[in-house]
Amino acid sequence: MGDATTAGRPETATASESTAPQSTGPRSTGPQTAEPVPPGLDEAGLRLDVDGAVATVTLNRPERRNAMTFATWRGLAAIGRSLPADVRVVVLRGEGPSFSAGIDLGMFSGGGGGEGFTDGSDAEGTDRFIAELQEGYTWLRRPDIVSVAAVHGHAIGAGFQLALACDIRVIAEDAKFCMKEPALGLVPDLTGTKPLVEIVGVGRALELCLTARTVLADEAARIGLAETVVPRDGLDGAVRDLAEALLAVNPGAAAATKRLLWQAAENTLDEQCAAERREQIGRLRELFGS
């Protein structure tokens, strides 16, 4: 499930990370029925702020460099289910010096809210358990929202995969990415493998995962892991400007375009042409009242 840090230190040998679940891709189901704002976010190390059409989800355990627990992933899933219908942009950010140091290593000894790792002996039960945690990531691909990761400092394991789950990554010059899970004997299982391969290709993805090396901001931009790199003190402003630009686009056109772009890689040219026609018919009907 991710990877982590001890004593708030993110990148120390193997004492900093763990695994994360696998990517389910972008064919999302669209808006879901809004529920009350989920309880227990503080305990999960999360904060949710909604300002009109922009929701900001903050990983809020700065004393642990925002290391994640089972409660964190369930809290993220609950936020996705309860998101107000008028939210169009979701920003993911980290409080303190890091985006996220990955999984809290206390989880290996049962420190994740009383839960420890399953031994996998119950394959069906373990499959359901991991799928539940993956829901904290998959909702970020929904076509009715654009998700933006605002990354600074370390984004390790589960934190790296959370950034990969977002549509757009804006990163600070001090950002450091690392996929640590294989070094811990695990695999990335929080939906990160599919977007990583789609962005950098199988060869580079394999090299990054199996060496668990750190990718700095300049390389991240060069290989496509980041759309924009800005000075650390300019990150919030850059994300704010991006959100404003995204909100200037017609909501229906934005959702239809996201659906098309997510489908494109897996569609044949004929299938994608047909999808474009279907989406455009819908847009014309909405715009001209057919």
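Note: hydrogens, waters and symmetry copies are ignored here, and every other heavy atom, side chains too, is used. Just so it is clear, the model here is predicted, and its values are computed rather than measured.
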Those residues at least two apart in sequence (or on a different chain) that pass side-chain hydrogen bond (donor to acceptor under 3.5 Å, both in side chains) with Gln272 are Asn267

Return each pair, listed once, that meets ring-ring contact (aromatic ring centres under 6.0 Å, His included) where at least one residue sits in residues 196-246; pairs must be two or more places apart or across chains.
-> none

Distance-only, no hydrogens or angles: does the Trp139 side chain make a donor-acceptor pair with backbone N or O of Leu76 under 3.5 Å?
-> yes

Step by step, would you call Asp49 with Arg47 a salt bridge (Lys or Arg N to Asp or Glu O under 4.0 Å)?
-> CA-CA 7 Å; Asp49 299 291; Arg47 186 173 72 242; 3.3 Å; yes

Mind jotting down which residue pairs meet the side-chain hydrogen bond (donor to acceptor under 3.5 Å, both in side chains) criterion with at least one end in residues 235-250? Sequence neighbours excluded, please.
-> Asn250-Arg283

Value for OG1 (Thr69) from CD (Glu43), rounded to nearest 0.5 Å, stands at 10.5 Å

Please tabulate, for side-chain N and O atoms in residues 165-173, each donor-acceptor pair with protein atoms closer than 3.5 Å (sequence neighbours left out).
unit_1 : atom_1 : unit_2 : atom_2 : d
Asp167 : OD1    : Lys258 : NZ     : 3.2
Asp167 : OD2    : Ser147 : N      : 2.9
Asp167 : OD2    : Ser147 : OG     : 3.2
Asp167 : OD2    : Lys258 : NZ     : 2.6
Arg169 : NE     : Leu225 : O      : 2.7
Arg169 : NH1    : Ala163 : O      : 3.0
Arg169 : NH1    : Cys166 : O      : 2.9

Which pairs count as ring-ring contact (aromatic ring centres under 6.0 Å, His included) when at least one residue sits in residues 204-257, sequence neighbours excluded?
-> none

Decide yes or no for Ile79 and Leu46: does some side-chain heavy atom of the first lie under 4.5 Å from some side-chain heavy atom of the second?
-> yes

Under the side-chain hydrogen bond (donor to acceptor under 3.5 Å, both in side chains) test, which residues partner Glu276, sequence neighbours left out?
-> none

Same cluster (ILVMFWY, side-chain, under 4.5 Å), Val57 and Leu83 = yes

Taking the side chain from Arg88 and the backbone from Gly52, do they hold a donor-acceptor pair closer than 3.5 Å?
-> no

Partner set under side-chain hydrogen bond (donor to acceptor under 3.5 Å, both in side chains) for Arg93, not counting sequence neighbours | Thr58, Glu95

By ring-ring contact (aromatic ring centres under 6.0 Å, His included), which residues pair with Phe99, not counting sequence neighbours?
-> none

Any donor and acceptor pair, going by atom type alone, linking the side chain of Arg61 with main-chain N or O of Ala67 inside 3.5 Å?
-> yes

Quick one: does Val89's side chain get under 4.5 Å of Val91's, heavy atoms only?
-> yes

Pairwise side-chain contact, Val50 with Leu48, heavy-atom cut-off 4.5 Å (strictly under) | yes

Which pairs, with at least one residue in residues 166-195 and sequence neighbours excluded, count as a ring-ring contact (aromatic ring centres under 6.0 Å, His included)?
-> Phe160-Phe177

With sequence neighbours excluded, residues passing side-chain hydrogen bond (donor to acceptor under 3.5 Å, both in side chains) with Asp51 | none

Salt bridge (Lys or Arg N to Asp or Glu O under 4.0 Å) assessment of Glu219 paired with Lys176 = CA-CA 10 Å; Glu219 182 183 3; Lys176 300 177 180 68; over 6 Å; no

Arg64 side, atom CZ; Leu59 side, atom CG - distance, nearest 0.5 Å | 14.5 Å

Is there a donor-acceptor pair under 3.5 Å between the side chain of Ser98 and the backbone N or O of Ser100?
-> no

Could you grab the distance from atom OG1 of Thr193 to atom CE of Met179, nearest 0.5 Å is fine?
-> 8.0 Å

Linking Ile, Leu, Val, Met, Phe, Trp and Tyr by side-chain heavy atoms under 4.5 Å, what else ends up with Val197?
-> Val202

Does one hydrophobic cluster hold both Ile199 and Leu162, with members joined at side-chain heavy-atom distances below 4.5 Å?
-> yes

According to a 4.5 Å side-chain heavy-atom criterion applied to Ile, Leu, Val, Met, Phe, Trp and Tyr, with indirect links allowed, do Val215 and Val229 form part of one hydrophobic cluster?
-> yes

Do any side-chain atoms of residues 124-132 form donor-acceptor pairs under 3.5 angstrom with protein atoms, and if so which ones, sequence neighbours left out?
unit_1 : atom_1 : unit_2 : atom_2 : d
Thr126 : OG1    : Thr118 : OG1    : 3.3
Thr126 : OG1    : Asp122 : O      : 2.9
Glu132 : OE2    : Arg74  : NE     : 3.1

